[in-house]
Engineer: 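First the structure, then my questions, so here it is.
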Amino acid sequence: MAMKKIILTAFLVVFSFGAFAQDIPEKKGFITISLGPSFPFGDFASTSFSDPNAGFADSGFHISLINFGYLFSDNVGITAFLSGSRHPFDIDTGENDPIWYYGSLLAGPLFSFPTRRKDANFDLRAMIGKMSATFYPDDNSHFDGDGVAFGLGAGLRYHVSRTLSISGNLDLISSEPEFDIYGEHISQQIGAVSFAAGISFRL
């Protein structure tokens with residue numbers, strides 16, 4: 001609750017500042033930092049014991065450490081995306097608290113569409129890269145895995161000053177990293193949709 005109040009206060013301050021900003025120039029680049037909830041889907045979210053591919057992942061937390069974009073023209077550019085997520089288990093396992101962690105580094109084309117007043121941009125991203133995941137079945141052991149990752153994203157950047165924007169993003173990330181579990185190679189589908197809000201620094 002305290003974190004929500006801090007984030008809300010920060011947004012109100014930036015919006016108040018933006019109300020006095022005039023003649024905001026066009027910028028070609030941005031770096032966004034954002035956070036929000038993450039919701040698993042597919043086998044990753046399955047809680048069926050009869051499903052050998054079930055990931056038992058519950059809703060979790062997502063942070064975008066770097067969401068970079070640069071436009072070569074008014075509408076086309078390149079994007080890079082570094083993010084991390086955490087998902088607890090969706091079932092009660094007794095004394096243990098299994099948990100999933102994964103991070104992704106993705107890159108790809110960026111398509112951006114400014115509003116008529118040039119005070120906001122709607123962004124679309126299609127990305128490919130790598131995911132590194134770790135599964136903690138308990139406090140004493142963990143298993144690491146890597147795999148090719150794919151991402152799709154959409155975002156809205158509202159420009160409140162010459163250097164700052166308020167950002168809201170919807171991102172889908174999917175991968176199937178392979179884990180070495182006691183000498184046996186096992187793959188696990190990991191997929192999640194995240195909703196994140198944050199601040200963009202205009203470049």
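Side chains included, hydrogens not; waters and symmetry mates left out as well; all remaining heavy atoms used.
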Engineer: Evaluate side-chain contact (heavy atoms from CB on, under 4.5 Å) for F81 paired with S64, printing each intermediate quantity in order.
Structural biologist: CA-CA 7 Å; F81 189 69; S64 170; 3.5 Å; yes
Engineer: Check whether any side-chain heavy atom of N121 sits under 4.5 Å from a side-chain heavy atom of P114, and report yes or no.
Structural biologist: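 In contact.
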Engineer: Please find the pair of heavy atoms, one from K28 and one from D74, that lie closest to each other, and give the distance.
Structural biologist: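 Here K28 and D74 meet closest at NZ-OD1, 3.9 Å.
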Engineer: Determine, using the 4.5 Å side-chain heavy-atom cutoff (strictly less than), whether I91 and F39 are members of one ILVMFWY cluster.
Structural biologist: no
Engineer: Shared ILVMFWY cluster between V160 and I33, side chains joined below 4.5 angstrom?
Structural biologist: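 Yes, one cluster joins them.
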Engineer: At their closest point, which heavy atom of P98 faces which heavy atom of P137, and how far apart are they?
Structural biologist: CG-O, 3.5 Å
Engineer: What's the separation between atom CG in L105 and atom CE in M127, rounded to the nearest 0.5 Å?
Structural biologist: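 Going from CG on L105 over to CE on M127, the span is 10.5 Å.
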Engineer: Within the supplied structure, the quantity of interest is the number of heavy atoms (other residues, nucleotides, ligands) at a distance under 6.0 Å from F72 CZ; does it exceed 12?
Structural biologist: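 Buried by this count: over 12 neighbours within 6.0 Å.
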Engineer: Is T79 reaching over with its side chain to a backbone N or O of P109, donor-acceptor style, under 3.5 angstrom?
Structural biologist: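 Judged by distance alone, no pair lies under 3.5 Å.
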Engineer: Within the structure provided, determine whether L65 and I63 are in side-chain contact (heavy-atom separation under 4.5 Å).
Structural biologist: yes
Engineer: Give the minimum heavy-atom separation between F41 and A192, together with the two atoms involved.
Structural biologist: CE2-N, 3.1 Å
Engineer: Do R162 side-chain atoms and R202 backbone N/O form a donor-acceptor pair below 3.5 Å?
Structural biologist: no
Engineer: Go through the side-chain N and O atoms of T47 and D90 and say whether any donor and acceptor fall under 3.5 Å apart.
Structural biologist: no
Engineer: Going by the rule ring-ring contact (aromatic ring centres under 6.0 Å, His included), which residues pair with Y136 if we only count those two or more places apart in sequence or in a different chain?
Structural biologist: Y101, H142
Engineer: Do S38 and Y102 make a side-chain contact, defined as non-hydrogen atoms from C-beta onward lying under 4.5 Å apart?
Structural biologist: yes
Engineer: My understanding is that only residues two or more places apart in sequence, or in another chain, count here; which of them pass side-chain contact (heavy atoms from CB on, under 4.5 Å) with S73?
Structural biologist: V76
Engineer: Going from OG on S46 to CD on Q189, what distance comes out if it is rounded to the nearest 0.5 angstrom?
Structural biologist: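 That separation rounds to 10.0 Å.
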Engineer: Please answer: with hydrophobic residues joined when any side-chain heavy atoms are less than 4.5 Å apart, are I128 and L110 in the same cluster?
Structural biologist: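 Unlinked, I128 and L110 end up in two clusters.
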Engineer: I need the minimum non-hydrogen distance between L164 and I199, along with the two atoms involved.
Structural biologist: CD2-CG2, 3.7 Å
Engineer: Taking atom CD1 of I190 and atom CZ of F44, what is their separation to the nearest 0.5 Å?
Structural biologist: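 Here the rounded value is 5.0 Å.
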Engineer: Under 3.5 Å, which donor-acceptor pairs do the side chains of residues 170-181 form with other protein atoms, sequence neighbours left out?
Structural biologist:
{"residue": "D171", "atom": "OD1", "partner": "R125", "partner atom": "NH2", "Å": "2.6"}
{"residue": "D171", "atom": "OD2", "partner": "R125", "partner atom": "NH2", "Å": "3.0"}
{"residue": "S175", "atom": "OG", "partner": "V148", "partner atom": "O", "Å": "2.7"}
{"residue": "E176", "atom": "OE2", "partner": "S187", "partner atom": "OG", "Å": "3.3"}
{"residue": "D180", "atom": "OD1", "partner": "G183", "partner atom": "N", "Å": "3.0"}

Engineer: Side-chain contact test, heavy atoms from C-beta onward, threshold under 4.5 Å: evaluate it for F113 versus N75 and give yes or no.
Structural biologist: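 Result yes, sub-4.5 Å side-chain heavy-atom pair found.
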Engineer: To the nearest 0.5 Å, tell me how far T115 OG1 sits from L156 CG.
Structural biologist: 8.5 Å
Engineer: If you group Ile, Leu, Val, Met, Phe, Trp and Tyr by side-chain heavy-atom gaps below 4.5 Å, do M131 and F135 land in one group?
Structural biologist: yes
Engineer: Contact between R157 and S112 at the side-chain level, heavy atoms closer than 4.5 Å - yes or no?
Structural biologist: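 Yes; the side chains approach each other to less than 4.5 Å.
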Engineer: Do L203 and F111 belong to the same hydrophobic cluster, where Ile, Leu, Val, Met, Phe, Trp and Tyr are linked whenever their side-chain heavy atoms lie under 4.5 Å apart, directly or via other members?
Structural biologist: no
Engineer: Could you tell me the separation between the CH2 atom of W100 and the CZ atom of F143, rounded to the nearest 0.5 Å?
Structural biologist: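 CZ of F143 is found 10.0 Å from CH2 of W100.
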Engineer: To the nearest 0.5 Å, what is the distance between CD1 on I166 and OG on S161?
Structural biologist: 9.5 Å
Engineer: With the side chain counted from C-beta on, respond yes when F68 and L82 share a heavy-atom pair under 4.5 Å apart, and no when they do not.
Structural biologist: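 The answer is no, as the side chains (C-beta and beyond) never meet within the 4.5 Å cut-off.
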Engineer: What pair of heavy atoms forms the shortest contact from H87 to A57, and how long is it?
Structural biologist: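 Minimum heavy-atom contact is CB-CB, 4.1 Å.
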Engineer: To check you understand the geometry: which heavy-atom pair defines the closest contact between N140 and D138, and what is its length?
Structural biologist: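 Scanning both residues, the minimum pair turns out to be N-OD1, 2.8 Å.
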Engineer: Do S167 and S165 pass the side-chain hydrogen bond (donor to acceptor under 3.5 Å, both in side chains) test, and can you show the C-alpha distance, the side-chain angles, and the key distance before you say yes or no?
Structural biologist: CA-CA 6 Å; S167 176; S165 305; over 6 Å; no
